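Just follow the structure's listing: the first ligand is 1, and inside any ligand the first atom is 1. What you are looking at is a predicted structure, and each value in this text was computed from that prediction instead of being measured.
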Amino acid sequence: MTDRYAVIGNPVAHSRSPWIHAQFAQATGQDMEYVRIESPLEGFAQTVDDFRRRGGCGANVTLPFKEAAYRYSAVLTHRARAARAANTLQFAENGVLGDNTDGAGLVRDLVSNLGCAMAGIRVLLIGAGGAARGVILPLLEAGCAQLVVANRTPARAAALAAEFASNERAHPLSATGFDGLAGASFDLVINATSAGLSGAALPLPATVFGRDALAYDMVYGHDTPFLAQARAAGARACDGWGMLVEQAAESFLLWRGVRPPTAPVLAALRAV
Ligand code: ATR
């Protein structure tokens, strides 16, 4: 019988996940289907319950339901717990496993696709919302020497860093407002804010982009003022298509036990 998966969100019509997973299934010979499900804003748990009853094996969860998916899960992976959000659910007889593959997807894109050696580098993570929280633990685990979380509202950055205080890997982590970035310089600058979606630029000193720095915007599908700022400062600028494809591959690996090839999928998405 064909195994059934879905991406659940609201809105969800724009999601590329069905196409991405169809490519993965074809490349690895997996018998599965993957559909979009738009959940009512107040009805996430019921939507998932219904899908499970109809034989669903697992789901990806996108905005605005990642925290609801975290609460829905009976068992959480350590990376979902650190993110306080789940983007991947796996259904089993004895309950639902909640995972978060966003951070692993980002790190895999950085390391495998973009050739960024993470060990010992200085990383600036801009933003203190759910997108930033989701990638902190995987960035720390990748071995960066310094991880500075900078946010427009400094108290939010401090609160986010404090959440990781008890983690044994948290020593490279610190928090600041944008003012605190004067004179600082980084090897990797990641934009995890939603500023680019509204076309807003970030008040970053050009000096944050160190020599040969990589600038990464988690947003995909359109150029952002952040990437333009980075290029103007001489940095290499990358959008979030690779993170999208790699987080999908991590979910696919969890569900199917096989890692799909991502390069052709990424190339096809970029070519559109
Ligand atoms: P998400 O879950 O996608 O991270 P969020 O929790 O609403 O969404 O967080 C959005 C992030 O983008 C926050 O860090 C926000 O900064 P504040 O905490 O100061 O609100 C940041 N952000 C959004 N628009 C911004 C802008 N124009 N300039 C700077 N930061 C911005």
Side-chain angles (χ1 to χ4, degrees), residues 7-12 14-17 39 41 44 60-72 79-88 98-107 109 123-139 147-164 173-182 184 186 188-206 208-209 215-230 232-233 237 239-241 243-244 247:
V7 56
I8 302 173
N10 186 338
V12 78
H14 65 284
S15 173
R16 308 305 291 266
S17 294
S39 171
L41 289 176
F44 175 76
N60 282 130
V61 178
T62 188
L63 299 179
F65 298 124
K66 291 184 185 183
E67 286 82 10
Y70 173 80
R71 291 191 297 273
Y72 185 88
R79 53 194 190 181
R81 223 175 284 124
R84 291 198 192 171
N87 76 334
T88 306
D99 193 8
N100 194 312
T101 64
D102 284 332
L106 169 67
V107 170
D109 189 36
V123 182
L124 173 61
L125 178 64
I126 308 164
R133 181 184 288 109
V135 300
I136 287 179
L137 187 64
L139 288 171
L147 178 57
V148 177
V149 177
N151 196 45
R152 175 176 63 183
T153 311
R156 247 188 124 190
L160 180 56
E163 286 179 27
F164 291 83
L173 185 61
S174 63
T176 182
F178 292 146
D179 289 352
L181 294 173
F186 298 88
L188 171 63
V189 183
I190 301 168
N191 182 18
T193 74
S194 50
L197 300 174
S198 60
L202 298 167
L204 298 174
V208 297
F209 302 101
Y216 194 101
D217 202 316
M218 289 193 196
V219 168
Y220 52 84
H222 58 92
D223 206 29
T224 61
F226 167 75
L227 291 178
Q229 280 169 280
D239 64 21
W241 279 117
M243 179 176 171
L244 175 74
Q247 63 78 30

Q: Using the test side-chain hydrogen bond (donor to acceptor under 3.5 Å, both in side chains), find all partners of N10 that sit at least two apart in sequence or belong to another chain.
A: none
Q: Could you name the protein residues that come within less than 4.0 Å of ligand 1, counting only heavy atoms, and order them by chain and residue number?
A: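 Near ligand 1, by chain and number: G127, A128, G129, G130, A131, N151, R152, T153, R156, T193, S194, A195, A200, L202.
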Q: Can you see whether N60 engages S17 through a side-chain donor-acceptor pair at a distance of less than 3.5 angstrom?
A: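 Distance-only check fails for N60 and S17.
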Q: Could you tell me which non-hydrogen atom of A192 sits nearest to which non-hydrogen atom of A131, and how far apart they are?
A: O-CB, 3.7 Å
Q: Keeping D239 on the side-chain end and Y220 on the backbone end, is there a donor-acceptor pair under 3.5 Å?
A: no
Q: G127 and L160: which non-hydrogen atoms are nearest, and at how many Å?
A: O-CD2, 4.4 Å
Q: Among D102, D99, N100, V61, whose side chain to side chain contact (heavy atoms under 4.5 Å, CB included) with T88 holds?
A: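 Of the listed options, the one satisfying the test is D99.
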